[in-house]
Amino acid sequence: MHSFEVFGCFMRQFRPKEDALPHDIKQVISNYSDNGVMSVQNLQDFLTKYQGQTDYDVNAIFNKAKHHNLHHKGLHVLQYLYSDFNYPLQAVLDDMESPLSHYYIYTSHNTYLTGNQFTSDSSVRPIIRALQKGVRGIELDLWPNSTNSDILVCHGRTLTSSVKLRKCLKVIKDYAFHASEYPVIITFEDHLNKKLRDKVALVCKITFLDNLFRFFSRYSKKLKLMVKSTFQEMLLLPKKDRKLTKLPSPAELKKKIIISTKPPNESLESGTVNDKTTTHSIMSGTIFDCLKSKDGSDEESRHHEEYLQGEVPEYKDLIAIHAVKHKGNLQDSLNVDQNKVKRLSLSEQDLVEACREHGEEIVRFTERNILRVYPKGTRLDSSNYSPFDGWKHGAQMVAFNMQGYGKNLWLMQGMFRANGGYGYVKKPKFLCEGDLSLRPHEVTKILKVKIYMGEGWHSEFHHAHFDYCSPPDFYVGVSGYDDDKKARMFKTKSIEDDWWPLWDEEFEFPIIVPELAILRIVVKDNDTTKKNEFGGQTCLPVSELRTGIRCVPLYNRKGEKYKFIKLLMRFEFVIPII
């Protein structure tokens with residue numbers, strides 16, 4: 001039954017085509033090399049005249065190329081074009097001296113979860129991975145254990161497992177500043193009683209001390225006195241009984257850890273609170289509880305709710321950015337107080353509804369304050385929403401499930417490849433000034449994208465990964481975003497039976513707000529009999545694209561960079577004629 005299919009295999013081509021190159025690449029080889037090999041002067045002319053690049057050191061490139069087998073008598077043109085020396089993004093960093101509210105902050109949701117929102121494990125591993133990728137916003141849900149004697153981190157009232165708070169804080173301390181020296185914001189979703197809140201304060205203090213002070217941990221009274229002189233070196237502690245009236249800048253907060261949660265006397269607790277209270281078991285989960293909005297899960301529980309009184313001051317002293325609960329009229333929650341700053345949380349659907357009626361108020365609020373957006377409770381599979389509604393209205397902390405791989409997470413990763421990957425990206429000027437009327441409404445520039453060719457799949461995948469009988473039929477989809485409702489995907493033609501596809505096609509994208517614009521690129525194998533196979537993706541911040549011919553590395557579904565797969569593309573910006 002398979003004879004015809006097998007016969008067809010022998011008729012297909014398995015070798016790359018002969019040295020076919022796009023016309024533009026041939027011109028570069030002709031104009032800037034000697035038989036395909038660049039001298040120092042050739043490279044300098046190419047970078048200056050063709051690439052429009054000024055931030056380079058030709059001699060440094062040649063010296064580094066010696067260690068990458070690109071240098072003998074000179075640089076081989078194609079090897080250079082496909083190398084990391086020809087990266088598509090500029091190394092220009094944002095000004096980091098503005099208030100924290102003027103930046104988008106790379107933020108995770110339920111950072112400790114390894115999978116879905118209902119039955120997956122809780123672990124410190126996702127926290128480590130997030131910090132290693134530059135995430136600056138970490139969320140921990142705090143719950144008491146069954147004996148009310150310790151603090152656990154888990155997605156409460158679900159079937160997720162738990163991990164001890166102490167372990168989470170330890171890995172945050174160890175990995176917080178590996179990828180970025182700018183501040184890490186820990187948001188606590190607090191479901192604790194008075195006694196355990198006091199323990200949180202002590203655990204935080206002990207965790208962020210040097211190992212020397214662990215030696216004295218059994219002397220609790222002495223320890224509390226000793227930590228005060230060393231604690232502020234890592235944890236941002238506001239002055240007692242004084243709230244922040246203006247947010248500091250990321251530059252001022254380098255290597256600081258910031259706690260943000262609702263102060264105890266503003267939080268609501270399930271049941272009557274005292275030391276003998278038996279808390280609602282975190283393991284008695286139901287789908288109904290899991291579907292509730294995150295920020296209101298404790299407040300809207302089935303039990304009686306009351307305000308807490310007489311809280312231990314040490315816990316309140318940990319909170320640098322006070323969170324507030326949205327209740328009643330949203331306009332009241334968005335009220336801007338010039339004498340204090342706060343953080344407000346909204347679910348994704350609440351934000352969409354709020355933007356329709358209170359768009360300008362949200363923008364004014366986020367000029368001075370922090371707005372955090374989180375996924376709706378029905379996303380049990382840890383999927384994500386479009387980040388653009390939040391970004392367009394100045395929301396700094398658009399919180400994502402970092403294990404929710406797909407288009408929206410790729411867009412988030414693309415946004416935070418800007419500014420050196422440090423986890424903070426400056427918002428557009430009109431959002432920093434809190435005035436939507438300053439937002440541009442006309443096309444400010446046109447991005448021309450030319451897709452030449454690609455390579456690396458034959459080294460990254462098994463020869464039968466895409467098709468048992470033949471090489472893949474790759475095509476490229478490319479779309480430009482600065483408002484997700486206007487995004488349109490263009491597709492190249494499919495190149496049949498070729499591990500080294502050559503497309504040589506150009507597309508144009510109008511750009512209104514360059515700071516919010518993201519170029520999304522995805523490669524797939526065209527298959528007429530089943531779903532097209534994934535062949536790589538990337539998202540690039542348009543504001544930092546280099547012009548000229550560039551090497552664009554691709555990533556897998558998880559956002560991990562492929563070792564070999566790359567596209568050769570050309571970027572050009574054109575000012576529209578008015």
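- Contact annotation: the side chain of Leu431 approaches that of Val363 to within less than 4.5 Å [non-hydrogen atoms, C-beta and beyond].
- Between Cys168 atom SG and Ile127 atom CD1 the span is 4.0 Å, to the nearest 0.5 Å.
- Looking at Arg136, its side chain does come within 3.5 Å of a backbone N or O of Ala176 through a donor-acceptor pair.
- With a 4.5 Å cut-off on side-chain heavy atoms, Tyr424 and Ile105 count as touching.
- The shortest distance between side-chain heavy atoms of Tyr104 and Lys427 falls below 4.5 Å.
- Annotation: the span from Thr187 atom OG1 to Arg343 atom CZ amounts to 5.5 Å, rounded to 0.5 Å.
- A side-chain donor-acceptor contact under 3.5 Å links Asn384 to the backbone of Gly404.
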Scan the side chains in residues 508-517 for donor-acceptor partners under 3.5 Å anywhere in the protein, sequence neighbours excluded, and list what turns up.
none

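- Taking 4.5 Å as the limit, some side-chain heavy atom of Glu496 sits within range of a side-chain heavy atom of Asp473.
- Ring geometry, Phe388 versus Trp391: the interplanar angle exceeds 60°, so the pair is classed perpendicular (tilted spans 30 to 60°).
- Thr366 and Gln396 make their closest contact through O-NE2, 2.9 Å (heavy atoms, listed as atom of the first residue, atom of the second, distance).
- The shortest heavy-atom contact between Val37 and Val77 is N-CG2, 4.5 Å.
- For the pair Glu533 (side chain) and Asp525 (backbone), a donor-acceptor distance under 3.5 Å is absent.
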Checking Met234 against Lys173 for the side-chain contact (heavy atoms from CB on, under 4.5 Å) test, could you report, in this order, the C-alpha distance in whole Å, the side-chain angles of both residues, the deciding distance, and whether it holds? CA-CA 9 Å; Met234 179 168 281; Lys173 175 191 174 184; 3.9 Å; yes

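- The backbone N or O of Ser98 lies less than 3.5 Å from a partner atom in the side chain of Tyr103, making a donor-acceptor pair.
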Would you be so kind as to tabulate the donor-acceptor pairs closer than 3.5 Å made by side chains of residues 84-94, with sequence neighbours excluded?
from  : atom 1 : to     : atom 2 : distance (Å)
Asn86 : OD1    : Gln51  : NE2    : 3.4
Asn86 : OD1    : Arg550 : NH1    : 3.0
Asn86 : ND2    : Leu81  : O      : 3.1
Asn86 : ND2    : Ile549 : O      : 3.1
Gln90 : NE2    : Leu545 : O      : 3.4
Asp94 : OD2    : Lys426 : N      : 3.0

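- Annotation for Glu442: atom CD does not count as buried by contact number, only 12 or fewer foreign heavy atoms lying within 6.0 Å.
- Minimum heavy-atom separation, Asn369 to Ser101: O-CB, 3.7 Å.
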Does the side-chain contact (heavy atoms from CB on, under 4.5 Å) test come out yes or no for Tyr112 and Glu139, once each step is laid out? CA-CA 8 Å; Tyr112 50 87; Glu139 182 188 36; 5.6 Å; no

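- For Phe466 and Trp457, the distance between ring centers is not under 6.0 angstrom.
- Although no hydrogens or angles enter the test, the distance criterion places a donor-acceptor pair under 3.5 Å between the side chain of Ser33 and the main chain of Ile29.
- Taking the six-membered ring for Trp and thresholds of 30 and 60 degrees, Tyr80 and Phe46 have ring planes more than 60 degrees apart, a perpendicular arrangement.
- Counted within 6.0 Å of CZ on Arg125, heavy atoms from surrounding residues, nucleotides or ligands total 12 or fewer; the atom is thus considered open.
- Among all heavy-atom pairs drawn from Met489 and Val522, the shortest one is CE-CG1, 3.8 Å.
- Using a 4.5 Å cut-off on side-chain heavy atoms (C-beta onward), Tyr555 and Thr538 make contact.
- Within the cation-pi definition used here (under 6.0 Å to the ring centroid, within 45° of the axis), Arg557 qualifies as a partner of Phe534.
- Separating the CG atom in Asp504 from the CZ atom in Arg570 is a distance of 11.5 Å, to the nearest 0.5 Å.
- No donor-acceptor pair under 3.5 Å is formed between the side chain of Gln537 and the backbone N or O of Arg520.
- Looking only at atom types and distance, the side chain of Tyr374 has no donor-acceptor partner in the side chain of Thr107 under 3.5 Å away.
- Of the possible donor and acceptor atoms, one in the side chain of Asn401 sits under 3.5 Å from a partner among the backbone N and O of Ser383.
- Environment of NZ in Lys491: sparse, with no more than 12 heavy atoms of neighbouring residues, nucleotides or ligands closer than 6.0 Å.
- Contact of the His393 side chain with the Leu371 side chain is not registered, since no non-hydrogen atoms from C-beta on lie closer than 4.5 Å.
- When every heavy atom of Ala399 is checked against every heavy atom of Ser108, the shortest pair comes out as CB-O, 3.9 Å.
- Counting heavy atoms from C-beta on, the side chains of Val478 and Leu519 come closer than 4.5 Å.
- Using a distance-only test at 3.5 Å, with no hydrogens or angles considered, a donor-acceptor pair links the side chain of Lys566 to the main chain of Tyr82.
- Under 4.0 Å is where a charged nitrogen must lie from a carboxylate oxygen, and between Glu505 and Lys493 at least one such pair does.
- By the 6.0 Å contact criterion, CG on Asn35 is open, its count of non-hydrogen atoms from other residues, nucleotides or ligands being 12 or less.
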Go through Tyr106 and Tyr182 one step at a time and tell me if the side-chain contact (heavy atoms from CB on, under 4.5 Å) criterion holds. CA-CA 11 Å; Tyr106 202 2; Tyr182 293 107; over 6 Å; no

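- Residue Glu544 holds its CD atom at 12.0 Å from CZ of Arg417, rounded to the nearest 0.5 Å.
- In this structure, the side chain of Ser123 does not engage the main chain of Leu113 through any donor-acceptor pair within 3.5 Å.
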Tyr50 and Asn31: side-chain contact (heavy atoms from CB on, under 4.5 Å), yes or no, with the steps? CA-CA 10 Å; Tyr50 194 92; Asn31 296 339; over 6 Å; no

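- Of the candidates Thr492, Val523, Asp497, Asn532, Val523 is the only one forming a side-chain contact (heavy atoms from CB on, under 4.5 Å) with Phe474.
- No side-chain heavy atom of Ile185 sits less than 4.5 Å from a side-chain heavy atom of Arg372.
- For the atom pair CG of Leu411 and OH of Tyr481, the computed distance is 5.5 Å after rounding to the nearest 0.5 Å.
- Within the model, atoms CE of Met415 and CD1 of Ile518 stand 4.5 Å from one another, a figure rounded to the nearest 0.5 Å.
- Taking the six-membered ring where tryptophan is involved, the planes of His458 and Trp500 are tilted, since the angle between them lies from 30° to 60°.
- In this structure a side-chain-to-backbone donor-acceptor pair under 3.5 Å is missing from Asp174 to Val171.
- Counted within 6.0 Å of OH on Tyr175, heavy atoms from surrounding residues, nucleotides or ligands total 12 or fewer; the atom is thus considered open.
- Residues meeting the salt bridge (charged side-chain N to carboxylate O under 4.0 Å, His left out) test with Lys254, sequence neighbours left out: Glu181.
- Nearest heavy-atom pair across Phe400 and Asn408 is CE2-O, 3.2 Å.
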